[in-house]
Amino acid sequence: MKRRSLLTLSLTTIVAITALASCEPPQPGQNATSSSGKKVLTMITSPEYPPYEYYDTGSGERKIVGFDIDIANKIASDLGYELKINESDFNGLIPALQAKRADFVIAGMTPTPERQKNVDFSTIYYEAKNTIIAPKSSNLKTTKDLAGKTVGVQLGSIQEGDAKKIAEKVPGMKVKQLNKVPDLIQEIKAKRIDAAIVEDTVAKGFTDASTDLVFNVIPSEGPSGSAVAFPKGSPLVADFNKVLEKMKASGEIKTLAAKWFATSAPPSPSPSPSGSMSPSPSKAP
Ligand code: ARG
């Protein structure tokens, strides 16, 4: 009895493995055609990152909206595709591209050399800076103030890497990784962490909503800004770059930034969207 069920189990496993091995990983977008006859482009994002991507629950219908979503919709329609949006934790986005479960990621994702080993990136469409979010009363404003403090970051984000670099220089600073940015805010409020490192436009939204919290911009520890990510070798990179360049030249990106970031423009000394370590002349206003 026991032996037979074991045999059945292993046979089933073999059949399953063979089935898996014989079918190519699905190629989203390239094959799929929607009911409207348009080819479908599948994107994946992590919708807990207002104003880049988040669930708008206001209209009754739960819908992913944001700066990135408008950009994705524009690119897809310009290129003649219908857009399908899937979601995952931020940390699962690059693995999803590697497994070809999506044609692209748009998630406020920063192109880093580390990520470039596994995925390809478009040009940068928006620049950002890191900030410390903390209770107003705590006076945690600079990286030095983080000595002996527990600082939250999103798992798999550049902020996680940046916080680890800061912790090497700041005595007693501990880094705590969480899956979602709203969870970082909750943990600060619950006093389970002292502060969090979050990018400026996102920090602005959360601190506007919680007046007991403030954010302060800190110096950059590495690459910053947002780009679209693709599976390595994707033919879509060039097409996306063309539309992005067009959107930059026509001022459309600026208009969208004003739409989504207007009430949440970071109170930084420089209004220039350049937040990288070295000033990039091409991005000067
Ligand atoms: N720009 C940062 C990074 O690339 C954070 C992006 C987080 N995005 C998100 N949808 N949660 O690591």
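Note: hydrogens, waters and symmetry copies are ignored here, and every other heavy atom, side chains too, is used. Atoms within each ligand, like the ligands themselves, are counted from 1 in listed order.
- Below 30°, between 30° and 60°, or above 60°: for Y52 and F67 the angle between ring planes is above 60°, a perpendicular geometry.
- Counting heavy-atom neighbours within 6.0 Å of K63 NZ, excluding the residue itself, gives a total of 12 or less.
- Just one residue in the list D200, I197, T131, T142 forms a side chain to side chain contact (heavy atoms under 4.5 Å, CB included) with I218, and that residue is I197.
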Side-chain donor-acceptor distances from residues 84-93 under 3.5 Å, at least two apart:
| residue | atom | partner | partner atom | Å |
| --- | --- | --- | --- | --- |
| E87 | OE2 | Y55 | OH | 2.3 |
| D89 | OD1 | K180 | NZ | 2.6 |
| D89 | OD2 | N179 | ND2 | 3.4 |

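- Looking at Q159, E199, E48 one by one, the single match for side chain to side chain donor-acceptor pair (under 3.5 Å) with Q154 turns out to be E48.
- Protein residues with a heavy atom under 4.0 Å from ligand 1 are S46, E48, Y49, E53, F90, A107, G108, M109, T110, R115, Q154, S157, I158, Q159, E199.
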(request) Evaluate salt bridge (Lys or Arg N to Asp or Glu O under 4.0 Å) for E82 paired with K39, printing each intermediate quantity in order. (result) CA-CA 6 Å; E82 191 172 299; K39 278 203 266 176; over 6 Å; no
